[in-house]
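Predicted model, so just to flag it, every value in this text is computed and none were measured. Chain letters run A, B, ... following the sequence lines, proteins first and then strands; every chain starts at 1. Only this structure's heavy atoms are used, side chains among them; waters, hydrogens and symmetry mates stay out.
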Amino acid sequence: MASGVAAWLPFARAAAIGWMPVANMPMPIAPTEKNKRADELIVLNVSGRRFETWRNTLDRYPDTLLGSSEKEFFYNEETKEYFFDRDADVFRAVLNFYRTGKLHYPRSECITSYDEELSFFGIIPEIIGDCCYEEYKDRRRENQERLMDDDEDKKDAKLPNMTFRETMWRAFENPHTSTMALVFYYVTGFFIAISVLTNVVETVPCGATPNTKEVTCGDRYTVAFFCMDTACVLIFTVEYLMRLFAAPSRYRFMRSVMSIIDVVAILPYYIGLVMTDNEDVSGAFVTLRVFRVFRIFKFSRHSQGLRILGYTLKSCASELGFLLFSLTMAIIIFATVMFYAEKGSTSSKFTSIPASFWYTIVTMTTLGYGDMVPKTIAGKIFGSICSLSGVLVIALPVPVIVSNFSRIYHQNQRADKRRAQKMQKARLARIRISKTGSSNAFLHSKRNGLFSEALELTSSIEEEQHLSKNQSLLESQHHHLLHCLEKTTNHEFADELCYEQSYLEGALQSYPSQSPSLSSQEGMTGTCCTRHTKRNHAPLPNSSIPTCALSHTHPHHNLQELSTIHIQPLNTSRSSLNMRVDEPARLNCQSGTITTAIISIPTPPATTPESDAHPPPPGPTLQNVVKVSAL
Amino acid sequence: MAGCAKRCKQGLVKCVLSLYKLVTGTLNKDKIDDDFELSIVCHRPEGLDKLEAQTNFSKQELQVLYRGFKNECPSGVVNEDTFKQIYAQFFPHGDASTYAHYLFNAFDSAHSGSIKFEGFIMALSTLLRGSVREKLTWTFNLYDINRDGYINKEEMTDIVSAIYDMMGKYTYPALKTDTPKQHVDAFFQKMDKNRDGVVTLDEFILSCQEDENIMRSLQLFKNVI
């Protein structure tokens with residue numbers, strides 16, 4: 001029910017008068033307001049601050065604390081007010097929700113206290129208006145992360161019953177857990193540094209014997225360097241094997257980047273061991289030594305900054321790729337131009353276009369080595385244009401990388417946003433459910449209403465009040481309005497299921513023959529789920545409800561309906577609702593037959609379901625139904 | 001030849017302008033948004049006493065009605081979009097916008113595009129507390145879309161289709177495409193006494209007075225406020 005526009009319901013009902021001349025059927029009786037009292041102000045005392053509002057304002061949302069009878073628990077007889085021992089500032093937002101229909105989140109409030117107040121007053125946070133919803137969700141996420149961080153710190157405490165393997169893995173991943181792990185961490189770091197240093201120093205020329213040429217340290221102290229190298233590789237191998245053993249999923253570990261770096265770092269040594277004697281592949285052997293420098297990447301386990309840098313480069317790979325492409329285009333263009341410009345000059349270094357590539361790159365990056373310079377005037381002009389454009393092109397990637405680096409910070413928040421999107425869908429789903437709840441409420445209440453209308457006539461006042469408590473007055477008025485619309489159009493609201501069923505059966509019933517159509521009309525009667533009917537050959541207590549509808553409530557209406565049946569072919573009887581309007585001839589004879597059916601059994605179905613709530617004896621029901629089908 | 005010269009001149013002017021823009025830069029001047037004031041029309045209704053005299057409502061009823069009106073339309077006037085939105089909330093199953101459009105035109109007798117509280121109250125007074133003749137006249141004006149004094153079949157079909165639109169897609173029995181037309185035919189059968197294809201106000205009132213159902217249902221909403 002559109003509680004926010006509840007005040008406009010009288011207008012909508014008044015406008016329903018526009019349907020009356022179009023309708024062919026009598027309208028249902030309007031719900032009466034038995035306990036109608038003038039709208040009164042109620043006082044809500046929240047921790048000493050008094051709020052006053054109309055009772056009707058609070059009744060707009062009957063499924064919250066303030067809108068339902070739950071608030072009676074807080075009623076203070078002496079002071080004639082409702083006292084709540086809660087936060088008055090948050091209550092302002094809650095009360096404004098009733099007044100305006102929009103729930104706002106006051107930014108100065110703590111998110112947990114706000115959530116608590118909302119749950120106390122029975123309001124779901126999903127209906128926070130769009131203006132405040134983002135802020136609310138952000139604060140909530142922050143709060144959850146903070147709580148999660150606290151949990152993680154607690155998690156570092158050693159859990160009991162961890163296997164040796166799990167302990168080892170935790171030690172590898174988080175060196176601060178135990179002293180052993182810390183020692184291991186520093187030892188491996190030290191050895192990585194040693195290894196890298198060894199590789200570097202190996203190539204430094206150190207000390208020459210007077211008559212021979214300078215030798216590198218590596219060649220001079222071969223054994224020492226070899227021992228150093230062996231020691232480092234041993235350490236790295238042991239470390240790798242230990243990690244492999246401790247990894248929870250070995251396959252996943254072997255695929256990870258760090259493990260590949262480890263392997264690449266130690267493999268050349270072993271290959272070198274195998275291939276030392278063979279002179280032909282010494283060239284390849286030398287190349288393999290280059291790979292030893294990859295040991296420096298092992299530092300990334302030790303340094304967070306390296307990891308972020310690697311992540312940055314990975315994340316802006318596409319932008320850099322595009323820039324590289326545009327740079328390549330520019331290089332090719334300028335190289336071609338320079339080549340042809342310098343073709344004429346003698347002893348030009350621009351021997352071919354690929355040779356000009358080198359000049360173009362050096363010029364565009366403003367390096368300017370000077371090993372290749374243009375000599376012709378045209379060459380110089382184009383060369384200057386090339387360097388100017390180079391400045392522009394090189395300046396482009398820098399902001400990209402910078403912005404990407406800051407984007408890494410928000411990278412992990414993107415995962416949260418994805419989670420939030422799922423929550424957004426859930427939120428929309430919840431709001432949609434509550435909205436369809438209002439339209440389904442009508443269908444539900446019709447089912448109940450037919451039952452309760454039958455009770456209304458004979459039940460006492462208390463029972464009526466009890467029934468009407470299930471539906472607020474507003475709801476019953478709204479449902480009456482929808483009921484009038486149904487009567488005007490001579491169609492009923494149905495949910496999807498029924499619609500599809502009746503549609504299918506309508507498609508099946510395209511045969512013009514008389515009796516099958518009649519009996520199949522029974523079929524349609526039988527299967528509509530909103531009416532809970534079963535196939536008529538199996539009379540069940542539920543079928544009392546259609547007979548209720550058949551007789552349609554109030555006695556003084558009954559006669560009216562009987563007379564209207566005579567006047568118009570579209571009558572209110574059950575099976576007539578299934579009649580198609582495009583068969584007027586058959587309608588007349590059908591109506592004739594059906595009127596006889598109704599007239600012949602006027603009172604029993606009219607009074608028995610109304611006089612007692614129990615289903616009428618199956619006899620007359622069955623009889624009635626059988627009569628229709630026979631005709 | 002003259003056309004060619006004119007085109008040349010235009011081209012030249014464009015060239016000069018683009019060159020000028022190139023030189024001076026094309027910083028867009030700030031659009032003068034200040035002129036475009038949000039046309040907040042704030043309308044206050046006449047005094048309570050005056051309205052009470054003009055309509056059939058009591059003071060308390062007017063108060064309740066105005067509070068609801070002002071809550072939804074703080075500016076004091078309802079425009080068509082707000083009207084449609086409000087009306088659509090009562091009919092979640094289907095599409096109430098067409099019927100709301102016709103209703104809006106019926107309420108907005110002055111065709112100003114917005115309904116003020118007085119107009120709203122007058123119409124409500126007619127609908128809820130007026131005589132049978134007044135109610136039927138109002139309904140006739142609702143159906144007579146082009147206000148020519150006659151309801152013809154097209155107008156009635158529009159109205160009836162709009163009413164059926166409010167039912168939505170899922171109805172029992174399923175709506176067929178010619179259901180509105182059938183309904184309109186039945187309507188004309190009943191209302192058009194002299195079979196001239198249009199319904200005049202007198203025919204309408206006479207036919208409605210003959211039909212007991214309609215008479216009774218007109219009194220249905222007496223106690224709405």
Less than 4.5 Å to any heavy atom of chain A: does that hold for the side chain of [X], its backbone, both, or neither?
{"X": "B/Tyr99", "value": "side chain"}
{"X": "B/Phe69", "value": "both"}
{"X": "B/Tyr66", "value": "neither"}
{"X": "B/Leu142", "value": "side chain"}
{"X": "B/Leu218", "value": "both"}

> In terms of heavy-atom pairs under 4.5 Å with chain B, which of A/Ala12, A/Pro21, A/Gly18 leads?
Replying inline: A/Pro21

> Under the side chain to side chain contact (heavy atoms under 4.5 Å, CB included) criterion, do A/Ile17 and B/Trp138 qualify, and how do the steps go?
Replying inline: CA-CA 9 Å; A/Ile17 288 187; B/Trp138 189 91; 5.6 Å; no

> For the residue pair B/Leu127 and A/Ala14, what are the closest heavy atoms and their distance?
Replying inline: CD1-O, 3.6 Å

>> Testing the basics here: between B/Met166 and A/Phe493, what is the closest heavy-atom pair and its distance to 0.1 Å?
In response: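 In this case the closest contact between B/Met166 and A/Phe493 is O-CE2, 4.2 Å.
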
Option that, when pairs with chain A are counted at under 4.5 Å, heavy atom only, ranks first among [options]:
{"options": "B/Gln60, B/Arg67, B/Met156, B/Gln85", "value": "B/Arg67"}
{"options": "B/Phe91, B/Tyr87, B/Tyr164, B/Phe187", "value": "B/Tyr164"}
{"options": "B/Phe204, B/Tyr102, B/Phe107", "value": "B/Phe107"}

> About how many Å separate CD of B/Gln182 and CG of A/Asn490, when rounded to the nearest 0.5 Å?
Replying inline: 12.0 Å

> Checking side chain to side chain contact (heavy atoms under 4.5 Å, CB included) for the pair B/Asn213/A/Met20: CA distance, chi angles, key distance, verdict?
Replying inline: CA-CA 9 Å; B/Asn213 268 342; A/Met20 302 303 157; over 6 Å; no

> Between B/His183 (side chain) and A/Thr489 (backbone), is there a donor-acceptor pair under 3.5 Å?
Replying inline: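 No: the side chain of B/His183 does not pair with the backbone of A/Thr489.
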
>> Under the criterion side chain to side chain contact (heavy atoms under 4.5 Å, CB included), I'd like the reasoning laid out for B/Leu128 against A/Arg13: C-alpha separation, chi angles, the key distance, then a yes or no.
In response: CA-CA 9 Å; B/Leu128 298 175; A/Arg13 300 178 73 208; over 6 Å; no

> Between A/Phe11 and B/Phe90, does a ring pair (Phe, Tyr, Trp, His ring centres under 6.0 Å) hold up when you go through it step by step?
Replying inline: CA-CA 11 Å; A/Phe11 147 72; B/Phe90 293 109; 7.6 Å; no

Surrounding [atom1] of [X] (heavy atoms of other residues, nucleotides or ligands, distance under 6.0 Å), is the total greater than 12?
{"X": "A/Arg99", "atom1": "CZ", "result": "yes"}
{"X": "B/Lys181", "atom1": "NZ", "result": "no"}
{"X": "B/Lys193", "atom1": "NZ", "result": "yes"}

> If we only count heavy atoms from C-beta on, is the B/Met167 to A/Leu485 side-chain gap below 4.5 Å?
Replying inline: yes

